[in-house]
Asks: 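Quick one: structure below, then a few questions.
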2 protein chains.
Amino acid sequence: MKLEASGWKIGSVDEFLELSQEETEFIELKLSLSKNLKERRQSLRLTQKDLARMIHSSQSRVAKMEAGDPAVSIDLLVKSLLALKTSKKEVAGMLPH
Amino acid sequence: MKLEASGWKIGSVDEFLELSQEETEFIELKLSLSKNLKERRQSLRLTQKDLARMIHSSQSRVAKMEAGDPAVSIDLLVKSLLALKTSKKEVAGMLPH
DNA sequence: TGAAAAAATGTCAATTTCGACATATACTCA
DNA sequence: TGAGTATATGTCGAAATTGACATTTTTTCA
């Protein structure tokens with residue numbers, strides 16, 4: 001996976017251009033939630049605008065979520081998944097590794 | 001569970017003092033992560049200050065995380081759990097319901 | 001007991017994330 | 001093709017979250 005490719009940066013003094021294991025896992029978790037959110041929305045035949053309305057947000061923010069933009073919180077991803085009635089079991093399946 | 005008891009507030013016009021299912025699930029998820037983080041830290045015999053160092057944060061913020069303070073993000077909770085080497089399986093077990 | 005360590009609580013300026021908007025690019029299908 | 005729809009990208013001020021700090025309260029244990 002090419003994390004450097006799309007805007008991910010880490011502020012670490014001791015490890016230049018080197019991500020710690022936690023940082024890598026954290027990013028991978030977010031990307032997994034992003035990917036699953038997009039798949040789930042599409043399988044429900046909803047537009048980004050539809051989902052945006054459901055979570056009281058905007059189409060552009062949904063696009064950023066699905067693009068795995070670093071400036072999107074796990075909180076917003078989880079809220080979106082919950083809005084799409086994602087079950088505990090499905091969320092568990094989204095955890096990387 | 002008494003959510004109203006400790007600072008949780010919801011901004012909804014149509015539902016006064018009434019939490020939507022997603023909002024309730026979201027809060028319960030955070031509280032579950034909080035509870036598990038505290039248990040995990042204690043079982044590892046770490047102080048809040050120890051954990052704070054590990055995640056480059058402060059003791060007071062760790063205390064707020066563990067207290068289930070609404071003004072703490074899932075992002076920080078997840079980063080903390082990852083710092084404590086929490087496995088995918090364990091995280092899955094933390095999901096409410 | 002009581003002093004030291006740990007945890008809880010409150011505050012605040014700085015940083016991050018937010019929704020919103022504008023606009024560009026990519027799809028769909030008549 | 002091209003018009004309408006969906007998605008992607010960039011920006012911005014507002015709102016939420018942050019680490020840090022001071023202080024109080026609780027727990028530990030000699």
Asks: Between dT17(D), dA6(D), dA8(C), which one does the side chain of Thr47(A) approach most closely?
Replies: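 Closest of the options to the side chain of Thr47(A): dA6(D).
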
Asks: Using whole Å, what does the distance between atom P of nucleotide dA20(C) and atom CZ of Arg53(A) come to?
Replies: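 Distance, rounded to whole Å: 12 Å.
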
Asks: Quick one: label Lys79(A) by what it contacts on the DNA or RNA (base, sugar-phosphate, nothing), any heavy atom closer than 4.0 Å.
Replies: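 The residue Lys79(A) makes no contact with any strand.
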
Asks: Under 3.5 Å, is there an N or O donor on one side and an acceptor on the other linking the side chain of Ser60(A) and the base of dC21(C)?
Replies: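 Between dC21(C) and Ser60(A), which were checked side chain against base, a qualifying N/O pair under 3.5 Å is present.
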
Asks: Using salt bridge (Lys or Arg N to Asp or Glu O under 4.0 Å), reason through Lys35(B) and Glu66(B) one step at a time and then give a plain yes or no.
Replies: CA-CA 6 Å; Lys35(B) 185 167 169 292; Glu66(B) 295 184 350; over 6 Å; no

Asks: Given atom CG of Leu76(B) and atom P of dT17(D), what is their separation to the nearest angstrom?
Replies: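 Answer to the nearest Å: 11 Å.
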
Asks: Does the side chain of Arg41(B) get closer than 4.0 angstrom to OP1 or OP2 of dA7(C) through an N or O atom?
Replies: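 Yes, Arg41(B) has a side-chain N/O under 4.0 Å of OP1/OP2 on dA7(C).
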
Asks: With sugar-phosphate meaning primed atoms plus P, OP1 and OP2, does Val62(A) contact a base, only sugar-phosphate, or nothing at under 4.0 Å between heavy atoms?
Replies: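 No contact.
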
Asks: Just compare dG19(D), dG19(C), dT7(D) and give me whichever is closest to any side-chain atom of Ser57(B).
Replies: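 My answer, after comparing the listed nucleotides, is dG19(D).
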
Asks: Does Gln59(A) contact dA6(D) through a side-chain donor or acceptor facing the base, at a distance under 3.5 Å?
Replies: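 No, no donor-acceptor pair under 3.5 Å.
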
Asks: How many Å lie between CG on Leu51(A) and C1' on dA8(D), as a whole number?
Replies: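 For the pair Leu51(A) CG and dA8(D) C1', the rounded distance is 16 Å.
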
Asks: Just call it for Ala63(A): base, sugar-phosphate, or nothing, with non-hydrogen atoms closer than 4.0 Å on any strand.
Replies: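 Base contact.
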
Asks: Classify the side-chain pair Ser87(A)/Glu90(A) by whether it contains a donor and acceptor separated by less than 3.5 Å.
Replies: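 Looking only at side-chain atoms, Glu90(A) and Ser87(A) do form a donor-acceptor pair, the distance falling under 3.5 Å.
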
Asks: Which whole-number value in Å describes the distance from Ile74(B) CD1 to dT18(D) C1'?
Replies: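 Interatomic distance, CD1 of Ile74(B) to C1' of dT18(D): 16 Å.
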
Asks: Looking across every strand, which nucleic acid part, if any, lies under 4.0 Å from Ser58(B) by heavy atom: base, sugar-phosphate, or nothing?
Replies: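 Touches a base.
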
Asks: What's the CZ-P distance between Arg61(B) and dA7(C), to the nearest Å?
Replies: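 Nearest whole value for this atom pair: 17 Å.
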
Asks: Just to confirm, is there a sub-4.0 Å distance from OP1 or OP2 of dT17(D) to any side-chain nitrogen or oxygen of Lys30(B)?
Replies: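 No, outside the criterion.
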
Asks: Any salt bridge linking Lys79(B) with Glu23(A)? Criterion: basic side-chain nitrogen under 4.0 Å from a carboxylate oxygen.
Replies: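 Salt bridge: no.
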
Asks: Measure CD/Gln42(A) against P/dT28(C) and give the value in whole Å, please.
Replies: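 Between P of dT28(C) and CD of Gln42(A): 10 Å.
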
Asks: Side-chain donor or acceptor of Lys64(A) under 3.5 Å from a matching atom on the base of dG10(D)?
Replies: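 Yes, the side chain and the base share a sub-3.5 Å donor-acceptor pair.
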
Asks: Nearest-Å distance, CG (Asp69(A)) to P (dT7(D))?
Replies: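 Interatomic distance, CG of Asp69(A) to P of dT7(D): 17 Å.
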
Asks: Would you tell me if any nitrogen or oxygen in the side chain of Ser73(B) comes within less than 4.0 Å of OP1 or OP2 on dT17(D)?
Replies: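 For dT17(D), neither OP1 nor OP2 has a side-chain N or O of Ser73(B) closer than 4.0 Å.
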
Asks: Should we count NZ of Lys49(A) as having more than 12 external heavy atoms under 6.0 Å?
Replies: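 Open.
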
Asks: Main chain of Leu95(B), side chain of Ser32(B): is a donor-acceptor contact present, judged purely on distance under 3.5 Å?
Replies: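 Absent.
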
Asks: Provide, to the nearest angstrom, the distance between the CG atom belonging to Asp75(A) and the P atom belonging to dA16(D).
Replies: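 So the CG-P distance, Asp75(A) to dA16(D), works out to 13 Å.
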
